[in-house]
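Residue numbering restarts at 1 for every chain, and letters A, B, ... go by the order of the sequence lines.
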Amino acid sequence: MSGQRLTTGALLRYLRGNSSEKAILQVVGIKTIDSKTDDPSVSAKRYRLMLSDGKSTFSSCMLGTQMNQLIEMNSLKENSIVRIDRVMVNAIDKQTGRVMLMLYELEVLQSDSERIGDPVALPLTDIINNGNNNTNRSETNDNNQTSTTTASSATNVIRNGSKTLPTIDDRNNTKNFNGDNNRLTAKASNTIDKERIVNIDTLNPYMNKWTIKVRVSSKSQIRNYQNARGPGKLFNCDLVDQSGEIRAAAFNTECDKFHSLLEIGKVYYIARASLKPANRQFNSLNNDYEMTFNYDTCIEQCDTDEGQSIPQIQFNFIPISEIANRPANNVCDVIGVVKSISNIDTIISKTSQKEFNKRELLLVDENASITVTLWGQQAEDFQNSSNPVVAFKGIRIGDFNGRTLSTLNSTLISQDPIETQRTIELRTWYDKEGKLMDLPDLSKGADIGNQQVPFKTLSQINTEGLGLNDKPDYINIKATTTLIKKDTAVYMMCPEERCGKKVVDENNGTFRCEKCNKTYNHFKWSYMISAEISDSTGAQWISAFRNEAETLLGISADEFGNHKLNQNENIIDDIFQKTMNRERIFKLRIKSDQYNDEQRMRLTCMRVSDIDWSSHGRRLIEEINQIESIQH
DNA sequence: CCCCCCCC
């Protein structure tokens with residue numbers, strides 16, 4: 001027999017909102033709830049208890065995680081007697097009236113015990129908000145230890161399965177309940193309690209009276225969608241305060257109501273929104289939960305003075321060169337100078353067949369450059385001022401041809417941001433020297449970070465099946481150029497920066513670019529060299545463009561083009577001859593692709609360098625020696 | 001309740 005007496009009827013009193021009572025209850029069931037989280041180091045484990053007051057049980061009791069160890073250390077277990085020191089009732093579904101008891105503090109009075117009494121389960125729903133038309137307040141609800149009438153009447157009705165649960169008196173007490181810590185039946189209110197601001201990182205689905213004071217760090221466009229329930233629209237935004245961040249979504253009515261109200265960078269009070277576990281597949285923000293604005297949600301802009309306590313949008317910039325070391329699909333913050341900008345281009349998505357506008361930027365910082373693709377509205381909106389400094393918050397890393405950046409709907413793009421010192425640093429650097437520098441381009445495959453490119457022989461390309469994977473292989477080859485196609489070595493290129501298309505000579509002094517759909521009175525010579533390179537194990541045809549071709553031939557495309565124009569065949573032959581006498585290191589990108597239904601291997605030269613022993617490290621020398629020992 | 005973020 002247990003030495004403890006349970007506080008009869010306490011559970012129902014809790015459910016009605018009298019949470020001040022320190023009831024003595026028995027734990028009659030423990031369930032583990034594993035919230036989904038991608039991060040195995042973050043324990044999302046929660047325990048749900050079934051509590052008994054001797055007459056009734058209630059199974060939806062969430063144990064505060066700080067008390068998890070009571071269970072894990074076997075102090076709190078089935079049949080343990082506990083004293084509830086702090087409890088709150090939370091509505092988790094207004095439609096069904098489903099509630100939950102949040103156990104914030106409890107003490108284990110007796111770890112081992114036997115089951116007391118024969119309690120009957122209270123329902124999880126409809127316990128409070130069934131009707132509200134009686135003003136009888138005759139029953140007090142703060143009786144301790146002795147108030148068994150309510151519990152028994154409730155349990156009796158529950159046994160009968162009636163929908164008018166539990167009693168008129170109970171329903172009536174809902175008033176107090178709402179006034180206390182819940183808004184179960186209250187209609188949408190327009191007020192915000194600014195006195196009790198909570199931190200974003202304390203929000204959870206089991207807590208329902210809160211106000212947060214947050215800065216909007218990003219906001220998407222309104223997007224329309226269609227699903228089984230019909231059409232809908234929504235936008236997402238990210239909210240931050242000094243404690244953390246959370247993602248929020250607004251659908252349909254709330255989408256219209258809040259989209260224009262919420263402005264990026266501004267501070268708002270937000271009260272009464274729904275919370276649910278964050279969907280890690282789509283939400284990378286550092287919060288276990290995400291928010292949905294609902295009919296009851298109240299948002300009010302905070303004036304500038306009051307908003308100052310909320311941190312400004314924080315950028316955690318990584319240098320462009322560092323992008324090479326990050327995995328594809330990572331989301332990061334990057335800042336740089338826009339060195340060049342493309343026109344708007346339209347592409348058709350393979351998956352949706354929809355059209356999308358895109359615009360490409362070449363973004364540079366002191367050490368590297370990368371291609372940034374802007375999509376949709378962001379591509380259209382981007383103003384082509386002269387070489388602005390642009391910060392991207394939450395931009396995604398892609399792995400086409402090395403590394404690229406690609407905006408998401410949630411990416412914040414800020415031109416010449418004043419809040420970071422980097423803006424002025426980059427501005428100064430670019431104007432003084434950056435604009436003249438030719439920096440490694442992460443989007444050209446050649447300069448993929450610190451990744452070591454292995455030395456191979458030409459025969460290994462076939463024996464090791466290089467280039468057959470989804471992603472290209474990069475190798476170094478020590479080889480000699482043995483043939484160069486002369487006629488196609490240079491072509492007339494569109495003068496538009498970053499277009500690169502071949503122009504058609506209209507034979508009237510103008511040159512037409514089909515891609516730009518424009519006619520120019522000039523063009524640029526550009527290399528597109530097909531060359532055969534050979535080592536002692538075999539030979540392969542490779543392509544070399546621009547810088548690499550220029551290095552290979554030792555003469556600019558312009559000069560070469562002029563020789564071609566002037567039919568200086570001897571000079572061209574000379575140039576080729578010189579090249580072919582030299583052994584060099586070719587960095588190759590190997591990738592097979594489909595061409596007229598045929599699989600073919602493309603070998604692109606990403607870099608040509610002389611075998612200059614002094615400039616290479618020990619590793620390179622050792623690798624080359626090793627290759628030579630294989631070859632001989 | 002979305003969850004697409006696209007193309008070479």
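- Residue A/Gln353 is classed as having no contact, given no heavy-atom separation below 4.0 Å to the nucleic acid.
- One finds a side-chain N or O of A/Asn227 lying less than 4.0 angstrom from the OP1 or OP2 phosphate oxygen of B/dC2.
- Closest approach of A/Thr404 to A/Asp399, counting heavy atoms only: OG1-N, 4.3 Å.
- With rounding to whole Å, A/Arg602 atom CZ is found 14 Å from B/dC8 atom P.
- Qualifying side-chain contact (heavy atoms from CB on, under 4.5 Å) partners for A/Lys518, counting only residues two or more places apart in sequence or in other chains: A/Glu496, A/Cys516, A/Tyr520.
- Contacts of A/Ser406 with the nucleic acid, taken as non-hydrogen atoms under 4.0 Å apart, involve only primed sugar atoms and P, OP1 or OP2.
- When the nucleotides B/dC4, B/dC7, B/dC2 are ranked by their closest atom to the side chain of A/Asn409, B/dC4 comes out on top.
- Between A/Phe251 atom CZ and B/dC3 atom P there is a gap of 9 Å when expressed in whole angstrom units.
- Two residues, A/Ser349 and A/Leu234, neighbour DNA chain B, and the one matched to the more 5' nucleotide by heavy-atom proximity is A/Leu234.
- Evaluation of atom-type donor-acceptor distances gives no pair under 3.5 Å for the side chain of A/Gln377 against the base of B/dC5.
- To the nearest angstrom, C1' of B/dC8 lies 16 Å from CG of A/Asn357.
- Note: A/Phe545 and A/Tyr527 fail the aromatic proximity criterion, with ring centroids not under 6.0 Å apart.
- Between the side chains of A/Asn294 and A/Thr297, at least one donor-acceptor pair of N or O atoms lies under 3.5 Å.
- Rounded to a whole Å, the NZ atom of A/Lys354 is 10 Å from the C1' atom of B/dC6.
- The distance from atom CG of A/Asn329 to atom P of B/dC6 is 8 Å, rounded to the nearest whole Å.
- When rounded to the nearest whole Å, the span between NZ of A/Lys591 and P of B/dC8 equals 13 Å.
- Put simply, A/Phe282 rests on the base of B/dC3: the two rings are less than 5.5 Å apart at their centres and nearly parallel, under 30°.
- Considering only side-chain atoms of A/Lys350, the nucleotide from B/dC8, B/dC5, B/dC2 that sits closest is B/dC8.
- Comparing B/dC7, B/dC3, B/dC5 by their nearest atom to the side chain of A/Tyr225 picks out B/dC3.
- For the pair A/Ile395 CD1 and B/dC6 P, the interatomic distance rounds to 11 Å; values are reported in whole Å.
- On a pure distance criterion of 3.5 Å, no polar donor-acceptor pair joins the side chain of A/Arg223 and the base of B/dC3.
- Contact annotation: side chain of A/Lys358 to base of B/dC7, donor-acceptor pair present below 3.5 Å.
- Side chains of A/Ser556 and A/Glu550: a donor-acceptor N/O pair is absent below 3.5 angstrom, by distance only.
- The listed nucleotides are B/dC6, B/dC3, B/dC2; the one nearest the side chain of A/Asn279 is B/dC3.
- A/Phe400 qualifies as a stacking partner of the B/dC8 base, centre to centre under 5.5 Å and near-parallel within 30°.
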Show your working on ring pair (Phe, Tyr, Trp, His ring centres under 6.0 Å) between A/Phe523 and A/Trp525 and close with a plain yes or no. CA-CA 7 Å; A/Phe523 65 87; A/Trp525 283 111; 5.2 Å; yes
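- Across the protein-nucleic acid pair, A/Asn283 atom CG and B/dC5 atom C1' stand 15 Å apart, rounded to whole Å.
- Residue contacts shown for A/Arg359 are absent, as no nucleic acid heavy atom lies under 4.0 Å away.
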